[in-house]
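We're numbering straight along the sequence, starting at 1.
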Amino acid sequence: MKSHHQVALSLLTLCISQQLYAQTDVNASTADAVENAAINDVPSTTLDTITVTARAKTGTALAQKISEMPAVTQVIGEEDIQAQATGNRTTGDILAQLIPSLGASSGSTSNYGTTMRGRPVQYLLNGVPLSGSRSLSRELNSIDPAQLERVEVLSGATSIYGSGAAGGLINLVTKSAAGAGFTGQTRLGIDSSREFESDSLGYHVGQSLGYGGERVYGRLDVDYENKGGKFDSRGDRIGTDVNQTDQQDTESLSVNANLGMDIDDSQSVNLAVTYYNDEQDTDYGPDYGNNLGVLLLGTPPSLKAIDGAHIDKQPSTTKKTVNLNYNNDDVFGSNLSVTGYYRDEQGRFYPSGKDVRAQAREVLMENGADKDTAKKLAGGAIYIMQSEADIEVMGLRAAMQTETELADKPVLLSYGTDFERENSEQTYHGQDFNQFITSNGLISKANGMSYNSGPDTTIDKIGAFVNSDIDITDKWHASAGVRYQKLKSKTDTFTPYYEQLLEEYFDGSSTDYQAGDVAKGKTDHDKTLFNLGSSYQLTPNDQIFANFSQGFTTADIQRALRDVRAGFVVNSDNVQPIAINNYDLGWQGKRGDTSARVTGFYNTSDKTVRFTNDYTVEVVDTDERVYGVEGSLTQDISDNWQVGGSVAYTRGQYKKDGDWLELDAVRLTPLKGTAFAQYNFDEGSNIRLQALAIGGDDRAFKDQQNDPDASAQPVTGYMTLDILGQVKMPVGRVGYGVYNVLNKDYQTVYHQTTFSDLNRLPATGTTYGLSYTVDY
């Protein structure tokens with residue numbers, strides 16, 4: 001076959017290629033090359049050059065020694081992803097097990113509160129941003145794990161890929177055709193709860209077809225999954241997540257299509273398209289207690305799942321992404337990459353109550369009512385609404401890489417520009433309250449009313465960057481760069497839903513209330529950001545690295561404006577961006593069959609974003625600091641046995657009235673550790689025992705008793721054990737998984753710390769998964 005020097009760069013490639021020298025080698029199996037480049041389970045030292053082929057297509061083509069990169073970088077290969085995916089495991093479950101610094105999975109549809117180093121994560125799919133200024137926190141609910149070729153992780157704030165990556169980058173890269181001729185794969189799977197309840201049974205069917213020719217290649221993956229109900233450690237069905245929705249009784253369809261062509265020896269084009277849709281169809285709803293006591297009176301909920309629910313429009317998620325890349329590695333001796341992308345996302349949530357009794361009491365007292373009378377008259381100011389959101393993103397990125405020399409030292413220059421436009425809108429749809437109350441919350445049907453859930457918002461992101469990499473000596477590598485980032489937003493005139501509901505509530509009464517508007521507004525911010533890093537090879541087996549990088553992001557503007565009242569002014573002074581300074585210092589090494597890595601980090605910002613105790617979002621103009629350490633270790637005991645683990649400790653504070661108060665577990669993942677032991681049989685089968693542990697923490701809860709707007713909750717620690725493995729068959733392979741083997745009774749961090757008591761749902765008990773895969 002022909003050989004030529006080519007790296008199919010998306011802009012995320014440049015995120016990492018600030019430290020990289022492109023070195024490619026086209027061979028018969030792209031997938032094998034990338035898989036061999038992957039790091040198993042946890043970051044480890046890789047002292048050999050990583051080979052990336054011309055058909056790496058999208059994402060971060062790590063075409064350099066990972067060990068030279070002055071940042072915590074991890075690549076999770078297809079084999080490790082699929083080993084974790086047997087059963088109804090979500091992408092969030094898998095990544096929480098394999099990425100040390102990533103927060104634990106929520107156990108719901110949402111990855112809300114899943115942070116890295118106490119900061120939000122920028123998720124991407126084939127280089128297309130899944131995270132935007134408006135986030136539905138469903139980024140990890142975007143693709144079937146069976147369609148992932150690898151996952152690339154860059155920890156710590158970075159501006160190289162634009163705004164949003166305050167805590168790091170996680171890029172989900174889908175599979176593309178590899179090898180010559182036609183290839184295919186068939187996937188079948190089933191899963192069940194510990195009690196093998198019929199309601200818990202789920203199944204998965206998937207099919208892949210690929211073709212690799214001399215110049216043209218393509219692949220199509222289609223996966224359908226039907227998930228059953230979830231049951232806790234006592235065998236009881238878990239109640240409905242009315243805040244962020246869950247995945248019980250959900251059907252999903254995931255499609256990944258990829259088509260590429262080598263125009264000539266220097267030029268190539270690649271088109272990657274994904275489609276994902278899931279929709280719930282459940283007969284179970286939450287237990288609101290007698291006469292809706294949980295909703296109306298604050299009665300403690302039973303958290304039981306109640307049969308007989310009828311939801312007019314059940315929760316759903318739909319996502320479409322398109323990524324078109326053109327690459328030319330011979331433009332005046334440089335490599336040119338141009339990427340255009342598009343993402344469209346719709347999300348529907350579970351119907352839930354909106355309590356405006358406090359606002360109604362204020363209106364009544366302003367009109368002369370005394371406190372007791374106002375409380376009595378405002379008692380009915382509760383509405384049932386269902387939220388739907390629509391987000392559309394399009395962008396264009398162009399970048400060049402030029403190899404040159406400085407003082408006889410090899411230098412790689414990376415430079416380019418990018419533009420992104422994001423349009424978002426969200427609407428509350430009113431539900432028939434009479435049907436809702438007579439059914440005790442089980443029947444929800446639209447009543448034809450709609451309300452603004454924040455303004456329609458347009459956000460433009462414009463950036464330009466330049467970065468240089470230089471090998472100062474054979475052992476000493478350095479990288480430095482600068483990025484200019486501009487953020488502009490426009491919001492339409494809107495009527496806050498509080499205003500709409502109050503006008504509706506007082507309509508026809510003796511109290512006259514006229515809903516007010518928030519006028520259209522705009523913001524305009526820019527910032528110049530810097531990064532500087534270096535790594536040094538102390539010995540052939542030891543390396544130290546240090547890195548400074550800056551991140552730049554904004555609060556979720558549409559969400560932050562949802563709860564404002566009439567007359568609020570949207571301008572650059574009232575909607576401020578957040579800049580983060582991030583510092584890393586670490587070591588990695590290899591001693592015989594032992595590999596280890598330890599990194600300390602510290603990051604700061606002059607603002608903090610949080611939910612208050614009444615679920616409104618506020619950006620507080622105060623100092624914030626986050627610090628911690630993360631480490632990993634793997635040991636090959638023999639040719640067959642391997643053990644390892646990781647630990648991540650994160651702590652942070654924000655300043656209030658001159659005192660440092662602890663950040664809560666919505667922002668910071670409590671102490672997290674993982675461990676595994678794996679035995680690989682000679683014929684290709686394996687078995688693995690793994691653990692995930694979360695430490696308990698109540699410091700933020702105690703600290704924030706002095707902060708009346710705080711919503712911190714204590715965290716109770718827990719540990720789960722899983723057994724999983726692969727069995728090689730005469731034809732194909734069987735995968736199996738037993739999750740939460742000890743049937744531990746616990747709540748995820750998300751269910752312990754977010755929203756109200758109705759969200760204190762238990763986690764799943766023991767679950768079983770079985771799969772069969774055939775390649776041909």
Handout entry: Flag, side chain of Gln550 to backbone of Val482, donor-acceptor distance under 3.5 Å
Key = no
Fill in the blank from the handout: To the nearest 0.5 Å, atom OG1 of Thr274 lies from atom CD1 of Ile143 at 5.0 Å
Exercise for the section: Looking only at non-hydrogen atoms, find the nearest pair between Asn270 and Gly260 and report the distance. Expected result: ND2-CA, 3.9 Å
Handout entry: Note, Glu630 side chain near Tyr649 side chain (heavy atom, < 4.5 Å)
Key = no
Practice task
Please confirm whether the backbone N or O of Thr674 pairs with a side-chain atom of Gln97, one donor and one acceptor, at under 3.5 Å?
Solution key: no
Problem - Donor + acceptor pair across side chains of Arg219, Thr183 (<3.5 Å) - result: no
Problem - Electrostatic pair Lys461:Asp418 at N-O distance under 4.0 angstrom - result: no
Problem - Backbone N/O of Thr114 and side chain of Asn111: donor-acceptor pair under 3.5 Å - result: no
Fill in the blank from the handout: Nearest heavy-atom contact between Arg215 and Asp265 is NH2-OD1, 3.8 Å
Problem - Side-chain donor/acceptor of Gln74 to backbone N/O of Leu98, under 3.5 Å - result: yes
Handout entry: Sole residue of Val151, Thr91, Leu124 in side chain to side chain contact (heavy atoms under 4.5 Å, CB included) with Ile170
Key = Val151
Handout entry: Backbone of Asp474 reached by a side-chain donor or acceptor of Gln537 within 3.5 Å
Key = no
Exercise for the section: Spell out, as yes or no, whether a donor-acceptor pair under 3.5 Å connects the side chain of Asn323 to the backbone of Asn126. Expected result: yes
Practice task
Would you check if Glu420 and Tyr341 make a side-chain contact, meaning some heavy-atom pair closer than 4.5 Å?
Solution key: yes
Fill in the blank from the handout: Gly212 and Tyr217 have their tightest heavy-atom pair at CA-CB, 4.0 Å
Exercise for the section: Report the relative orientation of the aromatic rings in Trp476 and Tyr536; use parallel for angles under 30°, tilted for 30 to 60°, perpendicular for over 60°. Expected result: perpendicular
Completion exercise
Rounding to 0.5 Å, atoms CZ (Arg343) and CD1 (Ile391) come to a distance of 6.0 Å
Problem - Euclidean distance, Thr669 OG1 relative to Leu102 CG, rounded to 0.5 Å - result: 7.0 Å
Handout entry: Min side-chain heavy-atom separation Thr402-Tyr415 under 4.5 Å
Key = yes
Exercise for the section: Decide, yes or no, whether a salt bridge links Arg119 with Glu624 under the criterion of side-chain N to carboxylate O below 4.0 Å. Expected result: yes
Exercise for the section: Please examine the side chains of Leu668 and Val626, heavy atoms only from C-beta on, and report whether any two atoms are closer than 4.5 Å. Expected result: yes
Handout entry: Shortest non-hydrogen contact from Leu148 toward Lys175
Key = O-CE, 3.4 Å
Handout entry: Donor-acceptor contact below 3.5 Å, side chain Lys488 vs main chain Asp526
Key = no
Practice task
Using atom types as modelled and distance alone, determine if a side-chain donor or acceptor of Ser268 lies under 3.5 Å from a backbone N or O of Asp262.
Solution key: no
Practice task
Could you give me the CA-CA distance, side-chain angles and deciding distance for Asp623 and Lys607, then say whether salt bridge (charged side-chain N to carboxylate O under 4.0 Å, His left out) is met?
Solution key: CA-CA 6 Å; Asp623 291 337; Lys607 295 179 182 64; over 6 Å; no
Handout entry: Straight-line distance of Glu149 CD to Gln82 CD, nearest 0.5 Å
Key = 11.0 Å
Handout entry: Taking every non-hydrogen atom, the tightest pair across Ser142 and Leu130
Key = OG-CD1, 3.8 Å
Exercise for the section: To the nearest 0.5 Å, tell me how far Tyr627 OH sits from Tyr583 OH. Expected result: 16.0 Å
Practice task
Could you grab the distance from atom CZ of Arg150 to atom CD1 of Ile81, nearest 0.5 Å is fine?
Solution key: 9.5 Å
Exercise for the section: Look only at the side chain of Thr174 and the backbone of Gln147, and say whether a donor-acceptor pair between them is shorter than 3.5 Å. Expected result: no
Exercise for the section: Give a yes or no answer on whether the side chain of His477 reaches the backbone of Ile472 with a donor-acceptor pair at less than 3.5 Å. Expected result: no
